[in-house]
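Just so we're on the same page: letters track the sequence lines, and every chain starts at 1.
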Amino acid sequence: MSSSKSVGLREKAAKFLSDQVYLPYVGPISIWILLFVFAPLGVVLYFSFLRVGPFGQILNSFTLEHYRLMLKPTYIQVFMRTFVFSFGTNIICLLIGYPLAYFIVRCGGKWKTFLMFLVIVPSWTCYLIRLYALKTLTGNGGLINEALLNLGLISSPLNILYTPFAVVLGLVFGFLPFMVLPIYASLEGLDPSLLEASEDLGATPLKRFFTVTLPLTKGGILAGTILVFIPSLGEWLVPMLLGGAKVMMAGNLIEEQYIKLGNIPAGSSIAVVLTTIVVLIIYLSVKMGGEEVLERMM
Amino acid sequence: MKMKNFLKGKREVYSFMAGALVVLLLLAGLPACAPAAEEEGPAAGETAYDKYVASLSEGEYPVPCECFEQAQEEGELNIYDWAEWWPEEIYTDFEEEFGVKIVRDNFASEPEVVAKFKLNPEMPYDMITGVAIRSVIQIMQLDVLQEINHDWLPNVSAYIGKEFTEFEYDPGAKYSVFSDYGTDSYWYNTEYVDDARIPSWAVLFEPDEKYKGKITLVDDMFKSLAGALAYLGYPVDSDDEAQLAEVRDLMMNLKPYVMAFDSYPKRLALEGEAWISQGTYGDGFILNKESGGVVTAQPTPEGSRLLSDLLLIPKGAPHPAVAHCWINYLYRPRTTAFLCGSIGVQPCSQASLEFLPEDMREWWARVPEGYVASCGVIGERAVTGKGLELRTAIWEELKS
Amino acid sequence: METKNITSKILPVSAILVYLFLWLPTIVLVVLSFSNNKFGIKWEGFTLRWYADIINNVGIRNALKMSLTVALVTVVLSTIIGTLTAYGLYKYKFHGKKFLRTSILLPITVPYVVTGGALLVFFTRVVNIPLGYPSIIIAHVTFSAPLATFVVLGRMGRIDWTLEEASADLGANVLTTWRKVTLPVLLPAIIASAALIFPWSFDDFTITYFVCGIGTTTLPIYVFSQLRYGATSVINTIGTIFVVLPVIGLLLMNLLQKKKVS
Amino acid sequence: MTNKNSAPCVELRGVVKKFSGLVAVDHVDLKVEQGKVFSLLGPSGCGKTTTLRLVAGLEMLDEGDILIDGEVINDVPAYNRDCSTVFQTLALFPHMTVEGNIAYGLERRKVDKAEIKVRIGEMVELMGLGGMEKRHPAQLSGGQRQRVALARSLVLRPKILLLDEPLASLDRKLRKEMQVELKRIQREVGITFLYVTHDQKVALSISDIIAVMANGKLEQIGSARDIYETPKTKLIADFMGASNIFPGKARDKAGKNVEIETESGLKIIALKGKDKDGNSKEITGVSVHPELIGISHKGTDVKVGNKFEGKIVEMIYQGDFIETKVVIGRTGEQITANLGSEFGQETQFSPGEEVVVYWNPASSNILLG
């Protein structure tokens, strides 16, 4: 304790440096996020308050006009549709994804890996091309209609393509694997005897399923929900390709404003609203399901 | 996340890496299999120009030596155009002849081009092809185009029809050169559509009950609404509130009949999914060749909209001389004819007509005399201010 | 018992239906890629000409090259950043750690359209980053570095970190320990994240669509403009390659594995 | 071993380590003699592992000095310290072969390749790992992995080998085998061991010197025998498996014996000589190992200092002995005695029987405050 002041300072500096050892690790991402996430989002927020000139130039004057425009019935309708579709997609994905995951886990062994593989591989194919393939399949002259016609089940082709139904179908088609994966992971994490017990106890297996298995896989379901619901909210390719560009979702509004009309402030305001909603939902679901869901997402 | 279940041990990981490597090699090998296309041009500058001049056929004028030499130095041409539109030979022949490399990017809609200019006035493309007058107007307002040096375009001076250089938005074609033109129309499938009103727009805009969900409209608000305006007898670039209100009502009535918005519903039309489709008269030619059942109606008596494909050189163009060579090259009568014959558009030069394929010449011959002249152009009124605002409102309501 | 019978019958049937739903479009696509039909929508006899076509198509070749380059650079950059980040988050306590963790989640959760749009505006109006390779790669890394972070982070809990101490104890300094122990031990996690990022980056359309520029048409962008213009058989063919390549990769991996075992 | 330097191999002087305010190691002083096996024994959380990590350089100390061969090494980083650690988890590099693992430290020390080869060969032979050189840790059995971990450290010929409960993950039988093996190896290489464990049996069988730690402090240092037979405090006695612990106060210190009266009034006689620290600390009780207690039928005349009448309440067969619990009739204390089964004693007694328990005053161990 007899050390002079300067030594104390040097020690302090050395200590400070040795305390910052984490910097080389988290420094790069911090800078990256600051530069390419926060800054652009900030710019979007800023632009969303700017006025637009007659030729679409951005003027440096403040306005709330773009946000006011969002209250237009057409916009509200689009946002409502976005929600309904995303929610519906989520429910459908859950309803068909859960039994599938359950089935796969029950199959066990080598089959398990193979069956899971079958779920994942389609998602490695170019998303656009998959949607295109779905389009080919569901068209009036597509395989489905042709098969139904040949079987005599229908007399005239079903209108599937370019309907809201086609949009939801496309969303489910695109995001189903994201629901199956976390549910599969949480089911697999369960004690296998629990699954067996819920079947062998005979009397009320369904009840057991609802009282034991389902609550235990809640985390997986929540994670799946986040993984499906969030991207559905921002989707724009499906409505464009399968909805015939007439069943718009919020993502289409943004794309249209940014790219088609080049109205950056208007596009920005929609982007701000959509992002706020998404972040809010994530926040709420994390609060509800706790950190655990967050961990599961990884 | 996804891989978790597959990559449990280290061995799997290494095997996966090996597998991935093989896949990558396969992918990388693909391009290598293809024949090398690029060839070096003649070495010495002077002889190169002479050679170039000598290689020209009759009726083809060379660009001035100055332009040619500058182009040789620039060595590259960045083109921004529609995908898979013009035949590949147009590009490869040019590359070979001028010894330059063409880099092409595609846009999916004209507003995309305008939007890109708004974001980046110095867009480094040398050539923008296939944009319509109304996009040119929007782009010109941004002051991002280079003035075209007509001294470097002897073929254009020799062959372009005077009517294509006298437009109000760009007199003397200082900033934009027509490459071709056409008119809007609609196609119908004879198997399903039998309507006495053909060839009126009425078939499309006030369709029979049985065509519900069988109609496609062009996914572009200017073009789509221009058809409706023409049908109602109004100028296609109207910015009149009352007229556009009528258009709105018409379109909202039409909404349940619309299957999809698609700018080029080739597949839908050919497959017989769409029975009536808004589309150009020239595309109709291509479709009719593919399937005789798809017939094109040239809307009469209402008239139609003149479609225009223009060539632009942005201010930010790094290779302007090559761009001039390109325009001049396109205006060789044989090249013009080949281009127009392949994509179903009308040439702006009379000299090229004789080189058009026979069936195409017949197709154009069916257009009544004076029809083109009667067609309106989407001009400034439609693309700025109130015209734009009213259109956007209708469009959003229609599509939401 | 009754319910048990019902579920054990219904489950396989419903599973088969779901698989059919997931695979039928792809199967149809693969089959039609060999069809002689010009638009690739009907079966009109076997042909390989579309495959010959894509080999000869300069546009596709360039797009493929572009996509591969972007995906490779993205994988390298984002696994480096992601691994470092995961390590920092796992090993150290520091101010704002929770905030950083949440922030990293942001790029993954913000809709693609917004990310793409925001970056486009940012690149063109605020900083002058040329649209093209730089913009696409930055945009891709922005999305995939967090992804890599979380994949690697998820694996870190399963690693025995005394390995690092053992290495130090045996005389290795910090850098050598990273090189010789930490990195090899994290390698499976890094590869797992690369295996996730590579196809994502190769496939991404939306973000790329917003920020792509001159001469940077990636394969999905190419496919998109093809789709806009109307059907061509080439799309079936490209799609088939997209399906077949990963499957070949996985089969090879399986084969190699078996060989090693025997 | 030819070291004539009188300095101990490792010395700790007043070492303190705190973790966010909590004291994990509290002014520890100890000396480890060259060539000995020195064990740090204590319950989990007592600070023994932290002490080891301080010596290894994996933690930096807050106060005091650590010396190796008489030199202060407080600021020497782990990778430059002349000691090597065998970790509880073994921490074998999973991506390296047995050979690679063993060679790792030598490579870091830039030993030339030929030399590395020779030394690996020696180690493989010493450890009986012949034929395993090319295997990965995952392909080895628990015992083999143990040997590889040892080999990896020993090949460096460190001044001192630090072992952090290296046998904890093994099953009982293997653990016993490895104990013997460890002892053999230590004898052969003559390297000083600093061995951390919470298992008193392992510590007793392997150590020359044992230091018992509790709550970050050193409680007692001594030979294995010392610690086992004469634990100084109740805590140590308990930890060393003396199941008969009687808190009490010294009554009569006259003569060569001490009489200690427990709280319930039981009077136990202990040998005074055992009270090593003299009168510096207060006597707080007595402990007796159960194997030192005999049982006779009631009425048998036993001529031993401590004898009490009681009733057998429980007899638990443990294989090599019978754990017999006797409740003293007068005071109600429970005494556990381990009866050898060799003379058929289990048939001589049965639960419920009135018996006499007895032990020699020399077996009574005095506990201090």
Side-chain angles (χ1 to χ4, degrees), chain C residues 79-80 83-84 86-98 151-195 253 256-262, chain D residues 19-20 49 52-60 76-97 100-111 136-139 145 148-158 160-166 169:
Chain C
T79 47
I80 290 175
T83 307
L84 285 176
Y87 192 84
L89 284 175
Y90 188 83
K91 283 254 165 167
Y92 298 101
K93 276 192 186 122
F94 49 90
H95 277 290
K97 184 171 163 176
K98 215 176 165 186
V151 173
V152 176
L153 200 58
R155 295 260 177 144
M156 286 196 149
R158 283 183 252 161
I159 286 169
D160 173 16
W161 288 104
T162 33
L163 286 177
E164 282 191 333
E165 294 187 339
S167 172
D169 189 77
L170 291 168
N173 58 25
V174 179
L175 269 177
T176 315
T177 300
W178 249 94
R179 199 161 48 86
K180 289 270 179 183
V181 176
T182 314
L183 220 49
V185 165
L186 282 177
L187 198 64
I190 295 171
I191 289 178
S193 68
M253 161 183 144
L256 283 169
Q257 228 172 291
K258 284 208 180 108
K259 260 197 178 163
K260 268 200 167 173
V261 170
S262 64
Chain D
F19 288 114
S20 50
T49 297
L52 177 120
R53 290 168 63 82
L54 285 168
V55 176
L58 299 170
E59 305 283 356
M60 287 297 149
V76 178
Y79 54 85
N80 280 340
R81 287 196 188 183
D82 200 3
C83 52
S84 188
T85 312
V86 178
F87 293 87
Q88 183 172 2
T89 59
L90 302 184
L92 293 181
F93 303 126
H95 56 291
M96 294 180 197
T97 57
N101 267 285
I102 300 176
Y104 189 82
L106 294 173
E107 282 163 6
R108 299 290 81 73
R109 281 168 172 75
K110 305 260 177 341
V111 177
H136 281 86
Q139 296 162 296
R145 260 180 280 194
V148 176
L150 268 173
R152 187 175 68 175
S153 291
L154 284 175
V155 79
L156 301 175
R157 297 172 186 162
I160 178 163
L161 189 67
L162 311 169
L163 300 104
D164 183 8
E165 309 223 18
S169 57

Result block: side-chain N/O donor-acceptor pairs under 3.5 angstrom for residues 179-187 of chain C, not counting sequence neighbours:
| unit_1 | atom_1 | unit_2 | atom_2 | d |
| --- | --- | --- | --- | --- |
| C/T182 | OG1 | C/E164 | OE2 | 2.7 |
| C/T182 | OG1 | C/T177 | O | 3.4 |

D/R53 versus chain C, the contacting section by heavy-atom distance below 4.5 Å: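 Side chain of D/R53 only, per the 4.5 Å heavy-atom cut-off to chain C.
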For D/L90, is it the side chain, the backbone, both or neither that has a heavy atom under 4.5 Å from a heavy atom of chain C?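 D/L90 has no heavy atom closer than 4.5 Å to chain C.
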For a 4.5 angstrom cut-off between non-hydrogen side-chain atoms, does D/P77 reach C/N173?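 Counting from C-beta outward, D/P77 and C/N173 never come under 4.5 Å.
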Looking only at heavy atoms, which two atoms of C/A166 and D/R152 are closest? And how far apart?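 Nearest heavy atoms, C/A166 then D/R152: CB-NH2, 3.6 Å.
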Of all heavy-atom pairs between C/L170 and D/R108, which one has the smallest distance, and what is that distance?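 Looking at all heavy atoms of both residues, the shortest contact is O-CB, 4.0 Å.
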Which residues pass the side-chain hydrogen bond (donor to acceptor under 3.5 Å, both in side chains) test with C/T162, not counting sequence neighbours?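 Listed in chain order: C/D160, D/T89.
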Members of residues 88-96 of chain C whose heavy atoms come closer than 4.5 Å to chain D: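 Near chain D, by residue number: none.
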For the CG atom of C/L163 and the NE2 atom of D/H95, what is their distance to the nearest 0.5 Å?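 Rounded to the nearest 0.5 Å, the CG-NE2 separation comes out at 8.0 Å.
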Residue list, ring pair (Phe, Tyr, Trp, His ring centres under 6.0 Å) with D/F93, at least two apart or on another chain: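 Ring pair (Phe, Tyr, Trp, His ring centres under 6.0 Å) list for D/F93, sorted by chain: D/Y104.
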